[in-house]
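Only one structure is covered here, and it is reproduced in the block below.
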Amino acid sequence: MFRTNTCGELRLANVGQTVTLAGWVQRTRKMGGMTFVDLRDRYGITQLVFNDEIDANLCAEANKLGREYVIQVEGKVAERSNKNTNMETGEIEIIVGKLNVLNASLTPPFTIEENSDGGDDLRMKYRYLDLRRSNVRSNLELRHKMTMEVRRYLDSKGFLEIETPMLIGSTPEGARDFVVPSRMNPGQFYALPQSPQTLKQLLMVSGMDRYFQIVKCFRDEDLRADRQPEFTQIDCEMSFVEQEDIISMFEGMAKHLFKTIRGVELKEPFLRMSWDDAMKYYGSDKPDLRFGMKFVELKEVFDGKADFAVFNEAKYIGGICAEGCASYTRKQLDQLTDFVKKPQIGAKGLVYARVQEDGTVKSSVDKFYGQDVLQDLKEKMNAKPGDLILILSGPDVMKTRKQLCELRLEMGNQLGLRDKNKFALLWVVDFPMFEWSDEEGRLMAMHHPFTHPKDEDIPLLDTDPAAVRADAYDMVCNGVEVGGGSIRIHDPKLQDKMFRILGFTEERAQEQFGFLMNAFKYGAPPHGGLAYGLDRWVSIFAGLDSIRDVIAFPKNTSGRDVMLDAPSTIDDKQLDELNLKIDIKEAE
RNA sequence: GGUGCGUUAGUUCAGCUGGUUAGAAUGCCGCCCUGUCACGGCGGAGGUCAUGGGUUCGAGUCCCAUACGCACCGCCA
């Protein structure tokens with residue numbers, strides 16, 4: 001037997017047993033005539049002891065071990081004279097009788113410890129070493145547990161896990177496709193799925209009724225800390241359902257995950273918030289509800305009350321109340337002003353007002369507004385003595401709300417209100433059907449072109465399409481969109497109308513989505529579904545800001561795999577077989 | 001496509017208004033140490049300051065460009 005036990009399981013009860021362990025040398029500590037070796041595997045760390053007086057040769061061998069050597073030892077489990085309560089195996093040690101070096105190791109380029117000294121770049125290049133670190137490994141363990149619980153839950157509800165192809169056709173709308181040349185079909189390309197959207201709808205037409213898949217999706221867009229070119233969705237679809245059925249099914253799944261993974265029992269139904277309200281009160285379609293600071297609209301408080309052009313000319317004035325922040329210094333307020341004036345946020349300035357202990361309000365616009373207006377402000381903001389009111393205004397209502405959203409989140413960060421162990425879940429519902437694209441000069445589907453409009457808004461499709469709301473919903477957790485979906489159109493006529501509004505000609509709609517429209521002619525059931533971003537979902541459970549550490553082999557912000565050095569050029573022979581010629585445009 | 005920050009020892013970083021031989025910690029190597037567990041003590045090796053230009057008597061330090069990394073905006077139905 002290669003090993004009798006792992007490095008994480010031996011306890012006092014095992015004292016006296018002769019065991020064989022195998023693993024990596026975490027660290028050696030030489031104490032003159034004694035040497036301690038920490039032996040590590042996936043399951044834990046066990047201390048090995050070598051004693052000069054007992055076996056000088058063996059001890060000398062142990063002294064030659066370097067970090068990350070792979071060794072096998074046979075020895076006797078003994079109670080330690082000096083116990084280490086910080087280790088699970090800290091009450092025992094192995095008095096080694098035989099040492100077998102299975103493989104030497106170069107000194108690793110960074111320390112393989114929970115707090116590694118390695119930077120991200122280096123850790124990614126040697127990701128196989130990084131994955132030996134317990135905290136990175138535990139993220140993957142968490143991911144495994146979550147996918148297992150997802151499967152357990154969905155299986156218990158009668159869902160079938162069905163695989164869909166990775167080599168499919170390119171689709172317009174949405175993100176850029178990753179594309180794969182077809183050798184057997186010269187000049188033609190597959191696209192990798194941005195999501196199995198149309199395929200799962202076809203499975204509904206097939207009568208599969210309840211489908212799910214934990215599946216890779218590919219989008220060739222610029223990356224972020226929470227965005228990878230390939231990412232994993234928990235993709236789900238159901239037939240003969242209304243929005244309410246889907247929401248309750250997947251609220252159940254979220255609760256199941258919180259209970260089984262985090263031990264958190266979420267008893268209350270998740271809050272529902274319309275997209276309109278989310279934008280109005282939080283300036284975001286994914287509000288972080290771990291803390292308050294709800295927006296208060298202040299246009300009427302200030303309108304025409306003074307000769308202050310900034311407010312008088314603004315289309316929108318909104319404020320948030322930061323409790324207990326009246327003590328913010330001038331310097332802190334200047335920093336907040338700089339924060340909102342950053343080009344990424346783009347506000348022109350920040351107005352603030354402190355509510356003082358005597359109840360009077362002292363503000364940066366004192367010279368314009370009298371105490372009566374400021375008292376009215378205090379009233380509207382529901383502010384108490386000691387509170388700080390922060391106000392943004394601007395000519396574009398939505399833009400100003402988004403700026404105020406950034407400020408709110410910044411204040412949440414500064415005040416430590418975005419606690420990683422607190423979870424605020426909600427459904428954002430009633431999304432707009434379309435959103436105007438300046439770039440395309442037309443309406444674009446906000447969710448996707450197959451989203452069902454709200455029944456009562458269907459007449460508006462002809463008269464005022466921009467006002468149409470959709471049967472679409474997002475699940476939001478702590479300000480992160482963890483999942484989203486919609487009821488789909490199953491009526492070919494309505495789908496046709498939708499394509500027309502999106503600017504497709506009949507020919508083009510037929511060419512791009514003919515397969516779906518044709519399928520719908522053969523009796524498509526009403527259906528709908530949603531998809532969760534597994535990587536984000538896991539990173540929230542793990543308390544991480546980046547999804548990279550919940551992915552075994554992630555890519556960097558340029559979409560490169562620095563370990564494999566991919567992408568890379570390919571042989572001329574391969575290009576030739578694929579009938580491809582490279583023509584790189586000169587940088588301008 | 002854009003903005004910002006960064007690039008100095010194996011690693012993580014410091015290096016001020018330009019000025020002698022570029023430092024610290026950690027890792028690595030050697031010696032000492034019989035109860036360590038972030039062991040400890042002593043000693044040592046280790047640098048094309050990302051690359052290319054420029055300014056200057058003199059550049060790790062100032063300027064420009066390029067590359068790479070990270071964050072963000074655009075983008076991501």
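For clarity, every value in this text was computed on a predicted model and none was experimentally measured.
A/M31 comes within contact range of at least one nucleobase, with a heavy-atom separation under 4.0 Å. Heavy atoms of A/S558 sit under 4.0 angstrom from primed sugar atoms or phosphate atoms, though from no base atom. Residue A/F36 is classed as a base contact, given a heavy-atom separation below 4.0 Å to a base. Residue A/T107 is classed as a sugar-phosphate contact, given heavy-atom separations below 4.0 Å to backbone atoms only. Here A/E53 lies in heavy-atom contact (under 4.0 Å) with a base. Note on A/N556: only backbone sugar-phosphate atoms sit closer than 4.0 angstrom, heavy atoms only; bases stay farther off. Nucleic acid contact for A/G66: none, since no nucleic acid atom lies under 4.0 Å from a heavy atom of the residue. As judged by a 4.0 angstrom heavy-atom cut-off over every strand, A/P449 is placed among the base-contacting residues. Residue-level contact check: A/K125 touches neither bases nor backbone, having no heavy atom under 4.0 Å from any strand. Note on A/L122: only backbone sugar-phosphate atoms sit closer than 4.0 angstrom, heavy atoms only; bases stay farther off. Within 4.0 Å (heavy atoms only), A/R27 reaches sugar-phosphate atoms of the nucleic acid but no base atom. Residue contacts shown for A/R80 include a base, since a base heavy atom lies under 4.0 Å away.
Annotation: B/rC49 and B/rU34 have their C1' atoms spaced 45 Å apart (nearest Å). With both ends at atom C1', the span from B/rG18 to B/rU56 equals 9 Å, rounded to whole Å. Of the P atoms belonging to B/rU48 and B/rA67, the separation is 24 Å, rounded to the nearest Å. For the C1' atom pair drawn from B/rU12 and B/rC31, the interatomic distance equals 28 Å after rounding to whole Å. With P as the reference atom, B/rC37 and B/rG27 are 14 Å apart, rounded to whole Å. Spacing of P atoms, B/rG19 relative to B/rA25, comes out at 23 Å, to the nearest Å. To the nearest whole angstrom, the two P atoms, one in B/rU20 and one in B/rC39, are 39 Å apart. Taking atom C1' in both B/rC13 and B/rC5, one finds a spacing of 16 Å when rounded to whole Å.
Between the NZ atom of A/K342 and the C1' atom of B/rG2 there is a distance of 15 Å, given to the nearest Å. Rounded to a whole Å, the NZ atom of A/K30 is 15 Å from the C1' atom of B/rG41. Atom CG of A/D38 is separated from atom P of B/rC37 by 11 Å (rounded to the nearest Å). Distance, A/D338 CG to B/rG4 C1': 14 Å, rounded to whole Å. Rounded to an integer number of Å, the gap from CG of A/D121 to P of B/rU11 is 10 Å. Atom CD in A/E410 sits roughly 17 Å away from atom P in B/rA71 (whole-Å rounding). Atoms CD1 (A/I92) and P (B/rU36) sit 17 Å apart, rounded to a whole Å. Per the geometry, NZ belonging to A/K402 stands 15 Å off C1' belonging to B/rC72, to the nearest Å.
Distance from the side chain of A/N82 is smallest for B/rG35 among the nucleotides B/rU34, B/rA71, B/rG35. Counting only heavy atoms from C-beta on, A/D117 has its side chain closest to B/rU11 among B/rC73, B/rG35, B/rU11. Comparing B/rU34, B/rG69, B/rC76 by their nearest atom to the side chain of A/M34 picks out B/rU34. Among the nucleotides B/rG27, B/rC73, B/rC39, the one closest to the side chain of A/R67 is B/rG27. Here the side chain of A/P109 is nearest to one of B/rG35, B/rG10, B/rC75, namely B/rG10. For A/R548, whose side chain is taken as the heavy atoms from C-beta onward, the closest listed nucleotide among B/rC72, B/rA71, B/rG27 is B/rA71. Counting only heavy atoms from C-beta on, A/E221 has its side chain closest to B/rC75 among B/rC39, B/rG27, B/rC75.
Between A/F178 and A/F218, the ring planes lie perpendicular to each other; the angle is over 60°, past the 30° to 60° tilted range. Using cut-offs of 30° and 60° on the angle between ring planes, the pair A/Y126 and A/Y128 is perpendicular.
Residues meeting the side-chain contact (heavy atoms from CB on, under 4.5 Å) test with A/E406, sequence neighbours left out: A/F339, A/I345. For A/Y473, the ring pair (Phe, Tyr, Trp, His ring centres under 6.0 Å) test picks out no residue, with sequence neighbours left out.
Counting heavy atoms from C-beta on, the side chains of A/L426 and A/V428 come closer than 4.5 Å. Looking at A/L392 and A/L350, their side chains come closer than 4.5 Å, going by heavy atoms from C-beta outward. Two residues are said to be in side-chain contact when any heavy atoms from C-beta on lie closer than 4.5 Å; A/H527 and A/E237 meet this criterion. Side-chain contact between A/D457 and A/M433 is absent, with no heavy atoms from C-beta onward closer than 4.5 Å.
Taking only distance into account, the side chain of A/R224 meets the base of B/rG74 through a donor-acceptor pair shorter than 3.5 Å. Scanning atom types as modelled, one donor and one acceptor separated by under 3.5 angstrom connect the side chain of A/D222 and the base of B/rG74. At a cut-off of 3.5 angstrom, counting only N and O atoms as typed in the model, there is a donor on one side and an acceptor on the other between the side-chain of A/R227 and the base of B/rC75. A donor N or O paired with an acceptor N or O is found under 3.5 Å between the base of B/rG35 and the side-chain atoms of A/E93.
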Run the ring pair (Phe, Tyr, Trp, His ring centres under 6.0 Å) check on A/F36 and A/F50 step by step: do they pass? CA-CA 6 Å; A/F36 299 98; A/F50 297 85; 9.5 Å; no

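With both pairing distances under 3.5 Å, B/rU3 is matched to B/rA71 as a Watson-Crick or G-U wobble pair. Nucleotide B/rC62 has B/rG54 as its partner under the Watson-Crick or G-U criteria, with both atom distances under 3.5 Å. Across all strands shown, B/rC31 forms a Watson-Crick or G-U wobble pair with B/rG41, both key distances being under 3.5 Å.
Taking the nucleotide of RNA chain B with the nearest heavy atom to each of A/G174 and A/V49, the more 5' of the two is matched to A/V49. Closest-nucleotide positions on RNA chain B for A/D120 and A/H448 were compared, and the one nearer the 5' end corresponds to A/D120.
Distances shown here put a side-chain N or O of A/R29 below 4.0 Å from the OP1 or OP2 atom of B/rC39.
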